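Below is one structure, written out as C-alpha cells; the observations come after it.
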Amino acid sequence: MGMVMSTEAVAIETRDDLSGLLKRIFEPVKPYYSEGFARLHFGNTGAAYPEAVAGFEGFSRMLWGLVPLLASSDETYALWERHLQGIKHGTNPQHPEYWGDVTDYDQRAVEMAAFGLALLLIPEKVWEPLSSEEKEHLSRWLAKINNVKVWDCNWLFFPVLVNLGLKRVGQPYDQQTIDENLARIEQFYVGNGWYTDGAGGHSDYYVPFAIHFYGLVYAKVMENNDPVRSASYKARAVEFAQDFIYWFAADGPAIPYGRSLTYRFAQASFWSAAVFAGIQPFSLGEMKGLIFRHLRWWFQQPIFDSKGLLTIGYTYPNMVMAENYNAPGSPYWALKTFLPLALDKDHPFWQAEEEPLPVLQKQAVQTEPHMVICRDERGQHVVAFNSGHPSSNEHTHTSAKYEKFAYSTVFGFSVPRAEWGLGQGAFDSMLALSEGDNLYRVKRYGEESSVHDQFLYAKWHPWQDVEVKTWIVPGVPWHVRIHRIETSRVLDAADGGFALGLEHGETELLPDATRCVARGVTAASGIVNLYGEGKTELIVPNANTNVLHPRTVIPTVKSRVNRGTTMLVSAVYGEVGDDCSWATVPTVQVMGETIIVSFPNRVPIEVNLGAINGE
C-alpha cells in the first residue's frame, strides 16, 4: 500500500476506495510513534501548548479516522494495536508516557472528544480488550474533563462526547455537565440552521465541522434516549445545509474563510456527519459527490511533505497563516471527513451514484454569517462577499481571515507577512490606510454592518478621528466597492483586488493607470478606479502570504486622501478560465448621496449613502 504523495490524483468511487485512501494517509505515520505508542511526533514547530501535549494531540487525531474505519464489525487494521497500547500507557499515571492531568482550558480536553467517539462506536475494540485496571485508568482519566473549565464555544461539546462515551460502556458519567453544556450551546443558535462559535462569535467553519458535526453524532447515538433534542439537531442541520452547500464550488473546493484552515478537508465533514446521522438535506448521490469531489480536489494539492505527512498550511505548507494552536499533528483533524466509513457496507450511501451539485442560485444572501455568496455560470468560481463582524478576537490574522471584502475559491485570501508596506501587508480584498509612514491599518471589526439583496455595508474606525463607510455591490466576475472616508488626517489608501497566483501567470498593466489586470493561464484579476484621484498598481506581496498560492500579485488602486470627506469607488474583477476578458467594465453615476452602479447585462443598482446603517 503506497503512501499518499503531493498532487497525486486519487480515485474515490467506492467504500473500499475511501478506506484505502485513509490507510494510505495512515501508512507514513507509523515511524513517528513514541516508544510507548502514546504520542506521535511529526515535527519540531511549536504551538501554544507543550510538546508532550502536541504529541498526544497527534495520537488522538488519528482516532477521527481509525474509529469509523473499525466501526464495521469485520474491519481490522494493524495500526489499531499500536493505538490500543498507546491508550493503555497514556492513561496510566505510573507510565512515563502518561498524558497528564487535565487543567482549565487544556488542549487535552479537545483531544478527549475523539475518545468519546471511540467508546460510542467501537466499545468492543477500545474498551473490551482492556483489563479491569486499564479500564479504570481510562475511565478516571476521561472523567477529569468534568472538573475543568473549557472555552465557551464549540469546546462545550467535548465533555458531552466524553460523558456519552463513558455512559456507553457503563462507567460513571456526569449528566449535569451534558445538560448544562447543551443548554449553553443552545444559546449560540441564531436561526436558519446557523450557530455562532460562542456568544457573539463568528459563524465560520466551526459551525459545520464542529457544532453541527458533534450535534449530528449526538443525534445519531441519542435518537432513542433524547429524541426531542436529536430531532432538533437533525432539523437544524437540514436547514443549515441549504446555505452551506453554497460554500462549495462545482469541482470540489470550498471557500477559504476564517481560522483553522489547516484542517483542510474537514470542511466537508458536515456532509459526512449528515450521512452518518441519516438525514438527507440533498440526495445521497449529491452528498456523496460533494464529499468525494472535495477529497479529490484536496489530494491534487501539495498538502503532504516528502515523507507523506500532512503539513501545517492550506493548499501548501505554510506557517505564516497558521494559528497559535497549530502543532505538527493538528492537521489530522481533517480525518473527521472519513466518518461515513462507520456506515454498514450495505448502506445505501455506498450504492448511490455520485451526482453533481444541485442547481444553485447565482447569488445567495446569508445574513447569519454576514455574507452574500455569488457563483459564476459554471459554478467553478465561488465568492463570499462579507460585511464583516461586530467584534474581534486575539486569534492569529483575525482581520485577514474575517474582515476582507471577498473570499474566493480561486484566488483565496492573503495574510500579512510583516508590518511594513503593501508588500508585507498583502492587502488583497481590503482597504488599507496609512498616515504616510508605510504602516497600514485595515478593518478589524465593523461597528455597523448589514447585508442586503443588492449590497453589503460596514462602518469602521481605523483611528478615532477617521471614519470609513464601505458599500460592496457583489457579483462575478465584477463587483464594485464604494468607500466614504471622513478623516482629520492625511492618509494613503490602497484598495486591493483579488490576489492572482504567479505560478503559471503573466501580468499586464494597462497604460492609462486607471486600470490594471493580471492574467494567468487559468484566471485573471483586475481593478479599475471608477471615482476618485486614484492610480492603479500591481503589488507583488511577500511570498507565502496567500493561502492558495505561494507567489501572487494584487491589482491595487492607490489614492491620497486629504482631510475632510473623500469618496473612492473601485470596480474589482476576478474570473476563472483560459479565455478571461474584461471587455465591459462597470460604471457609476454619482449624484450627491446616491450612486447608481451599472454592470454589463444587469439592472442598474442604486445605493443611497445617506441612509442610516447602510439601509
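From a predicted model like this one, the values you see are computed outputs, not experimental measurements.
Atom-to-atom distance recorded for Y214:OH and L161:CG is 7.0 Å, nearest 0.5 angstrom. Annotation: the span from I178 atom CD1 to L156 atom CG amounts to 13.0 Å, rounded to 0.5 Å. The distance from atom CD of E353 to atom CD of E13, rounded to the nearest 0.5 Å, is 9.5 Å. Within the model, atoms OH of Y77 and CG of L70 stand 9.5 Å from one another, a figure rounded to the nearest 0.5 Å. In this structure, the separation between NZ on K220 and CD1 on I279 is 11.5 Å, given to the nearest 0.5 Å. Note: M112 CE to L117 CG = 15.5 Å, rounded to the nearest 0.5 Å.
A donor-acceptor contact shorter than 3.5 Å is absent between the side chain of Y218 and the backbone of M222. Remark: the backbone N or O of I303 is paired with a side-chain donor or acceptor of T311 at under 3.5 angstrom. Counting only distance, with no hydrogens or angles, the side chain of K307 and the backbone of P28 share no donor-acceptor pair below 3.5 Å. No side-chain donor-acceptor contact under 3.5 Å links S139 to the backbone of E136. In this structure a side-chain-to-backbone donor-acceptor pair under 3.5 Å is missing from D106 to A109. Judged purely by atom type and a 3.5 angstrom limit, D152 has no side-chain atom pairing as donor or acceptor with the backbone of G198. When atom types are taken as modelled, the side chain of R39 and the backbone of G58 share no donor-acceptor pair closer than 3.5 angstrom. The main-chain N or O of A219 is never found under 3.5 Å from a side-chain atom of R229 such that the two would form a donor-acceptor pair. Put simply, the side chain of W99 gets close to the backbone of A38: a donor and an acceptor are under 3.5 Å apart. A donor-acceptor pair is defined here as one N or O able to donate and one able to accept, closer than 3.5 Å; such a pair exists between the side chain of N318 and the backbone of V320.
Environment of CZ in R140: sparse, with no more than 12 heavy atoms of neighbouring residues, nucleotides or ligands closer than 6.0 Å. Environment of NZ in K149: sparse, with no more than 12 heavy atoms of neighbouring residues, nucleotides or ligands closer than 6.0 Å. Residue E35 qualifies as open at atom CD: its count of foreign heavy atoms under 6.0 Å is 12 or below. Within a 6.0 Å sphere centred on CD of E133, heavy atoms belonging to other residues, nucleotides or ligands number 12 at most.
Between F240 and W194, the ring center distance clears the sub-6.0 Å criterion.
Just one of T396, D197, N326 meets the side-chain hydrogen bond (donor to acceptor under 3.5 Å, both in side chains) condition when paired with R259; it is D197. Of the candidates F265, W247, F248, H294 forms a ring pair (Phe, Tyr, Trp, His ring centres under 6.0 Å) with just one, namely F248. Among the candidates K401, H395, H397, the single residue satisfying the side-chain hydrogen bond (donor to acceptor under 3.5 Å, both in side chains) test with E323 is K401.
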Between F188 and Y195, is the ring-ring contact (aromatic ring centres under 6.0 Å, His included) condition met? List the steps. CA-CA 5 Å; F188 305 156; Y195 293 83; 7.9 Å; no
Carefully, step by step, assess H89 and F37 under the rule ring-ring contact (aromatic ring centres under 6.0 Å, His included). CA-CA 8 Å; H89 296 153; F37 302 111; 7.4 Å; no
Full working for salt bridge (charged side-chain N to carboxylate O under 4.0 Å, His left out) between K30 and E81: CA-CA 12 Å; K30 292 179 179 178; E81 288 304 315; over 6 Å; no
Side-chain donor/acceptor pairs under 3.5 Å, residues 40-51, sequence neighbours excluded:
unit_1	atom_1	unit_2	atom_2	d
H41	ND1	E51	OE2	3.4
H41	NE2	G43	O	3.3
H41	NE2	N44	OD1	3.1
Y49	OH	E57	OE1	3.2
Y49	OH	E57	OE2	2.8
Y49	OH	Y325	O	2.8
Y49	OH	S330	OG	3.4

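R551 and T545 share no side-chain donor-acceptor pair at under 3.5 Å. The closest side-chain donor-acceptor pair between Q85 and R82, if any, does not fall under 3.5 angstrom. When only modelled atom types and interatomic distance are considered, N146 and N163 share a side-chain donor-acceptor pair under 3.5 Å. The closest side-chain donor-acceptor pair between N546 and T552, if any, does not fall under 3.5 angstrom.
For R168, there are no side-chain hydrogen bond (donor to acceptor under 3.5 Å, both in side chains) partners at least two apart in sequence or on another chain. A search for ring pair (Phe, Tyr, Trp, His ring centres under 6.0 Å) contacts involving Y206 returns F209, not counting sequence neighbours. Under the rule for a ring pair (Phe, Tyr, Trp, His ring centres under 6.0 Å), the partners of Y402 that lie at least two apart in sequence or sit in another chain are H202, Y257. For E111, the salt bridge (charged side-chain N to carboxylate O under 4.0 Å, His left out) partners at least two apart in sequence or on another chain are R61.
At least one side-chain heavy atom of Y332 sits less than 4.5 Å from a side-chain heavy atom of L309. When side chains are defined from C-beta on, W298 counts as touching T315, because their heavy atoms get closer than 4.5 Å. Contact of the L18 side chain with the L341 side chain is registered, since non-hydrogen atoms from C-beta on lie closer than 4.5 Å. Side-chain contact between P356 and E286 is absent, with no heavy atoms from C-beta onward closer than 4.5 Å. Using a 4.5 Å cut-off on side-chain heavy atoms (C-beta onward), L339 and W64 make no contact. Looking at F282 and Q242, their side chains come closer than 4.5 Å, going by heavy atoms from C-beta outward. Residues Y263 and P331 form no side-chain contact, since every pair of their non-hydrogen atoms from C-beta on lies 4.5 Å or further apart. Residues H83 and Y33 are in side-chain contact: their nearest non-hydrogen atoms beyond the backbone lie under 4.5 Å apart.
Here the shortest heavy-atom pairing between L138 and T91 reads CD1-CG2, 3.8 Å. Pairing each heavy atom of K167 with each of N225, the nearest pair is NZ-ND2, 4.4 Å. Across all their heavy atoms, P348 and L284 have their closest contact at CB-CD1, 3.8 Å. When all heavy atoms of V410 and L548 are compared, the pair lying nearest together is O-CD1, 3.4 Å.
A salt bridge links R236 with E186; the closest basic N to acidic carboxylate O contact falls under 4.0 Å. With respect to the salt-bridge test (charged N to carboxylate O, under 4.0 angstrom), the residues D251 and R293 do not qualify.
Taking the six-membered ring for Trp and thresholds of 30 and 60 degrees, F59 and F56 have nearly parallel ring planes, at less than 30 degrees apart. Ring-plane geometry between Y205 and F244 is classed as perpendicular, the angle between the planes exceeding 60 degrees on a 0 to 90 degree scale with a lower cut at 30.
Taking the ring centre of F213 as origin, the terminal cationic atom of K336 falls inside the region bounded by 6.0 Å and 45° from the ring axis. A cation-pi arrangement is not found for K125 relative to W127, the charged atom failing to lie both closer than 6.0 Å to the ring centre and inside a 45° cone about the ring normal.
For residues 206-217, the set of pairs meeting the salt bridge (Lys or Arg N to Asp or Glu O under 4.0 Å) definition, not counting sequence neighbours, is empty.
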